[in-house]
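One structure is given below, encoded as structure tokens.
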2 protein chains.
Amino acid sequence: MTKIKESSTYNANREIVLQECPVTYVMNKIGGHWKPIILYHLLSGSKRYSEIKRAMPHISEKMLIQHLKQLENDNLLTREAKPVVPPYVTYTLTESGKELDSVIKAMSMWAFKDMKRNRVEEPVC
Amino acid sequence: MTKIKESSTYNANREIVLQECPVTYVMNKIGGHWKPIILYHLLSGSKRYSEIKRAMPHISEKMLIQHLKQLENDNLLTREAKPVVPPYVTYTLTESGKELDSVIKAMSMWAFKDMKRNRVEEPVC
DNA sequence: CATGATACATACTTTGGGGTAAGTACTTGT
DNA sequence: ACAAGTACTTACCCCAAAGTATGTATCATG
């Protein structure tokens, strides 16, 4: 987990904007390339670590746990580890996390519309 | 405008994911810290360059035009320049851009709910 | 006895997004 | 004559996000 320097101008700006815009508030929680996709996969139900990994073949393990931890810190999902060997860890969306489905759905609907408009072939997701 | 190297693993991964996930498709068009905020301000109607600038005091001019150009390339807004001095340039959302309000609204609604839940003071936006 | 599965952790490097600062062209106002 | 406004452009630098690679603990199974 890369640590974040608090003293940069970037972060100063971000904090100011955070106080001013709900959209930025959301982007700070689900922004980036991987977080929305993780959420997307968890919206269909709780999943084991390895299940998520298999569902997203192109993410590195480092990125996956890193974002899972961030999402956990942001109260979007919970982690449950059964003390067995081999380890059995499941990730489940919280209420906050589940309510994001309206956002994810709005995004998906817009995406499909826009792909059609720009004649991009539709994906299988 | 910083050029993007096409040959990186990052971009390879991104292109693969792009073909698989509508959410990533959206994130590539409106992701980052500034684009959603620009869109947010244009949703209330066409604006001059200087108006957008004044509405977003914390963005640098470089970032502003850079993102305006990217949004234009992505067909989310159009640029109209009147050939007068001093220059008079207006930015207007396209149909695609306007339709993003469902996404922006879903985000805002979730944000306010989540802020309440986490007892963050509500912003004035 | 060694391989594989599971769920990570850690070190090291790259890169591209963003910041800062300065310049440009043209005209209007004082 | 000089500053100010408008809409950019350009150059240079920094750092945080992402990638690559390897290590760890535990047990089951061949």
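Below, chain A is the first sequence line, B the second, and so on; all start at residue 1. FYI, side chains are in, hydrogens and waters are out, and symmetry mates aren't considered; it's all heavy atoms of this structure. Everything quoted here is computed from the prediction, not taken from an experiment.
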Each nucleotide N or O in nucleotides 2-9 of chain D that has a protein N or O under 3.5 Å away: list the pair and distance.
unit_1, atom_1, unit_2, atom_2, d
D/dT6, O3', B/Arg48, NH2, 3.1
D/dT6, O3', B/Pro87, O, 3.0
D/dA7, OP1, B/Arg48, NE, 3.1
D/dA7, OP1, B/Arg48, NH2, 2.7
D/dA7, OP1, B/Pro87, O, 3.3
D/dA7, OP1, B/Val89, N, 3.3
D/dA7, OP2, B/Ser50, N, 3.1
D/dA7, OP2, B/Ser50, OG, 3.0
D/dC8, OP1, B/Arg79, NH1, 2.2
D/dC8, OP2, B/Arg79, NH1, 3.3
D/dC8, OP2, B/Tyr91, OH, 2.8
D/dC8, N4, B/Glu61, OE1, 2.8
D/dC8, N4, B/Glu61, OE2, 3.4
D/dT9, OP1, B/Lys69, NZ, 3.3
D/dT9, OP2, B/Lys69, NZ, 2.9

TODO: Take the protein atom CD of A/Gln66 and the nucleotide atom P of C/dT10, then report the distance between them rounded to whole Å.
DONE: 13 Å

- [ ] Measure the distance from CE on B/Met63 to C1' on D/dC14 and round it to the nearest whole Å.
- [x] 13 Å

- [ ] Please report, rounded to the nearest Å, how far the P atom of C/dG18 is from the CE atom of A/Met27.
- [x] 10 Å

Open item on the list: Does any part of the side chain of B/Leu71, heavy atoms only, come nearer than 4.5 Å to the side chain of B/Tyr91, both counted from C-beta?
Closed with: no

- [ ] Could you state the atom-to-atom distance from CG of B/Leu64 to C1' of C/dA21 in whole Å?
- [x] 17 Å

- [ ] For A/Trp110 and B/Gly97, indicate whether the former's side chain and the latter's backbone hold a donor-acceptor pair under 3.5 Å.
- [x] no

TODO: Send over the distance from A/His33 NE2 to D/dA17 P, rounded to a whole Å.
DONE: 13 Å

Task: Value rounded to 0.5 Å, distance of CE in A/Met107 from CD1 in B/Ile30 - done: 5.5 Å

TODO: Would you check if B/Trp34 and A/Met27 make a side-chain contact, meaning some heavy-atom pair closer than 4.5 Å?
DONE: no

- [ ] Send over the distance from A/His58 NE2 to D/dA18 P, rounded to a whole Å.
- [x] 17 Å

Task: Under-4.0 Å side-chain N/O to phosphate OP1/OP2 contact, A/His67 with D/dA18 - done: yes

- [ ] Would you kindly give the CD1-to-P distance between A/Ile59 and C/dA7, to the nearest whole Å?
- [x] 15 Å

Task: Donor-acceptor contact below 3.5 Å, side chain B/Thr94 vs main chain B/Leu76 - done: yes

Task: Any B/Gln70 side-chain heavy atom under 4.5 Å of B/Ile38 side chain - done: no

